[in-house]
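In what follows, a single structure is set out as structure tokens and then discussed.
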Amino acid sequence: TGVQTCALPISLEARFDNAIATLHPVFQPIVDVTTRAVLAYEALLRTGEPEFPGPPAVLDAAERLGRVHELGRALRRAVAGQLADLAADVEVFVNLHPSDLLDPDLYDPAAPLSAHARRIVLEITERSSLDGVDRLTVRIGQLRTLGYRIAVDDLGAGYAGLTSVVRLQPEVVKLDMTLVRGCHIDDARRQVLRSMAELSRALGMRVVAEGVEVDGEAET
């Protein structure tokens with residue numbers, strides 16, 4: 001009789017290894033709404049792993065495997081390697097998982113991205129709480145000493161909302177696309193955006209609206 005065989009499922013760890021091996025950033029422009037000039041780029045995480053269709057899947061795997069720091073280091077290294085391809089006068093926004101704030105590599109002046117810190121804005125996502133980050137104010141101060149600036153990402157849809165703005169006192173706030181999308185035809189969204197923009201400006205923070213797709217949203 002013949003021996004029957006079957007393919008074993010690829011483990012999560014193997015898929016994550018492939019994601020790290022094929023990791024590369026793509027750069028989304030951040031545009032001045034008045035002049036339409038490109039002011040900055042956001043580095044977006046992409047991989048060649050077919051089972052991870054987008055960044056949330058990669059981040060979920062990293063969390064489950066306890067490899068968030070490895071993923072963060074790989075992304076920062078990849079971004080540093082491509083900065084020479086971008087105009088020298090534009091900023092680059094790079095996402096941080098809150099757990100990355102506990103990674104000593106982030107604060108190492110010899111780390112690849114540290115040499116470019118003065119053109120980097122670190123986006124701290126609200127994927128998980130900042131409560132697990134000890135000495136948060138000190139850590140943020142260390143990053144600013146290196147030259148980095150701080151942004152709160154996805155404001156309006158995250159874990160703690162305005163609490164993160166108070167704790168981090170970022171230079172930039174990014175308004176979540178769920179508030180932006182359709183704001184030109186939705187008075188509630190428009191009023192919320194107006195209030196958040198006015199508050200941010202009063203605190204000296206620049207405002208980025210995420211996910212603008214049509215002229216009406218940009219004009220609003």
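Position 1 is the first residue of the sequence; numbering continues from there.
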Subject >> I124 reachable from M177 in the ILVMFWY side-chain graph, under 4.5 Å edges >> reply: no
Original post:
Hey, is R119 close enough to D89 for a salt bridge, meaning N to O under 4.0 Å?
Top reply: no
**OP:** Kindly indicate whether the side chain of V207, heavy atoms from C-beta on, has any atom under 4.5 Å from the side chain of M196.
**Re:** no
**OP:** Using a strict 4.0 Å threshold on nitrogen-to-oxygen distance, state whether E91 and R206 make a salt bridge.
**Re:** yes
Original post:
Any idea which heavy atoms bring N18 and P50 closest together, and the distance?
Top reply: ND2-CD, 4.4 Å
Original post:
Under 3.5 Å, side chain of R118 to main-chain N/O of Y148, donor-acceptor pair present?
Top reply: no
Original post:
Can you tell me how far the CD atom of Q142 sits from the CD1 atom of I140, to the nearest 0.5 Å?
Top reply: 9.5 Å
**OP:** Find the distance between CG (L71) and CG (L45) and round it off to the nearest 0.5 Å.
**Re:** 6.0 Å
Original post:
Is there a path from L203 to V152 through hydrophobic residues (I, L, V, M, F, W, Y) whose side chains come within less than 4.5 Å of each other?
Top reply: yes
Subject >> Hphob cluster co-occupancy, F16 + L75, side-chain heavy atoms under 4.5 angstrom >> reply: yes
Original post:
Any Lys/Arg nitrogen of D154 or K174 sitting under 4.0 Å from an Asp/Glu carboxylate oxygen of the other?
Top reply: no
**OP:** Decide whether V94 and L96 are clustered together by the hydrophobic rule: side chain heavy atoms of Ile, Leu, Val, Met, Phe, Trp, Tyr closer than 4.5 Å, transitively.
**Re:** yes
Subject >> R144/E171 under salt bridge (Lys or Arg N to Asp or Glu O under 4.0 Å): CA gap, chis, key distance, verdict >> reply: CA-CA 11 Å; R144 289 193 167 111; E171 285 80 7; 2.8 Å; yes
Original post:
Could you give the distance from CG (D187) to CZ (R189), rounded to the nearest 0.5 Å?
Top reply: 11.5 Å
Original post:
Is there a donor-acceptor contact under 3.5 Å linking the side chains of Q191 and R194?
Top reply: yes
**OP:** Kindly indicate whether the side chain of T163, heavy atoms from C-beta on, has any atom under 4.5 Å from the side chain of R167.
**Re:** yes
Original post:
Is any side-chain heavy atom of R46 closer than 4.5 Å to a side-chain heavy atom of P55?
Top reply: yes
Original post:
Are any side-chain N or O atoms of T47 and backbone N or O atoms of L23, one a donor and one an acceptor, separated by less than 3.5 Å?
Top reply: no
Original post:
Do E42 and N95 have a side chain donor and acceptor closer than 3.5 Å?
Top reply: yes
Original post:
Is D17 salt-bridged to R67, cutoff N-O under 4.0 Å?
Top reply: yes
Original post:
Rounded to the nearest 0.5 Å, how far does NE2 of H97 lie from CG of D103?
Top reply: 12.5 Å
**OP:** Please examine the side chains of I120 and L83, heavy atoms only from C-beta on, and report whether any two atoms are closer than 4.5 Å.
**Re:** yes
Subject >> No-hydrogen, no-angle side-chain donor-acceptor test under 3.5 Å, Q82 and H24 >> reply: no
**OP:** Scan L86, D85, V90 and name whichever one has a side chain to side chain contact (heavy atoms under 4.5 Å, CB included) with F27.
**Re:** L86
Original post:
So, E217 and R190, do they make that salt bridge, N to O below 4.0 Å?
Top reply: no
Original post:
Does the side chain of P170 come within less than 4.5 Å of M205's, by heavy atoms?
Top reply: yes
Subject >> Within-4.5 Å side-chain heavy-atom neighbours: V172 and R149 >> reply: no
Original post:
Measuring from D215:CG to H184:NE2, what's the distance to the nearest 0.5 Å?
Top reply: 9.0 Å
Subject >> Nearest atoms (heavy-atom pairs only) where C183 meets L193 >> reply: CB-CD1, 3.5 Å
**OP:** Show your working on side-chain contact (heavy atoms from CB on, under 4.5 Å) between L143 and I150 and close with a plain yes or no.
**Re:** CA-CA 9 Å; L143 293 173; I150 304 299; 4.3 Å; yes
**OP:** Please lay out, stage by stage, how V192 and L175 fare under the test side-chain contact (heavy atoms from CB on, under 4.5 Å).
**Re:** CA-CA 10 Å; V192 170; L175 304 179; over 6 Å; no
Original post:
Linking I/L/V/M/F/W/Y whenever any side-chain heavy atoms sit under 4.5 Å apart, do L146 and V121 land together?
Top reply: no
Subject >> Y41 OH to Q28 CD distance, which is reported to the nearest 0.5 Å >> reply: 10.0 Å
**OP:** Using the side-chain contact (heavy atoms from CB on, under 4.5 Å) rule, take F93 and D153 through it: C-alpha gap first, then chi angles, then the decisive distance, then the call.
**Re:** CA-CA 10 Å; F93 285 61; D153 194 19; over 6 Å; no
Show which side-chain atoms of residues 104-115 pair as donor or acceptor with protein atoms under 3.5 Å away, not counting sequence neighbours.
| from | atom 1 | to | atom 2 | distance (Å) |
| --- | --- | --- | --- | --- |
| D105 | OD2 | R76 | NH2 | 3.2 |
| Y107 | OH | L101 | O | 2.6 |
| D108 | OD1 | A110 | N | 2.9 |
| S114 | OG | D108 | O | 2.7 |

Subject >> Closest non-hydrogen atom pair between S11 and A14, with its separation >> reply: OG-N, 3.0 Å
Original post:
Nearest heavy-atom pair of R139 and D134: which atoms, and what distance?
Top reply: NE-O, 2.8 Å
**OP:** Kindly determine whether D100 and R73 satisfy side-chain contact (heavy atoms from CB on, under 4.5 Å), including the steps that lead there.
**Re:** CA-CA 9 Å; D100 286 323; R73 292 181 184 191; over 6 Å; no
Original post:
Can you name the nearest heavy-atom pair linking L130 to S164, along with the distance?
Top reply: CD1-OG, 3.9 Å
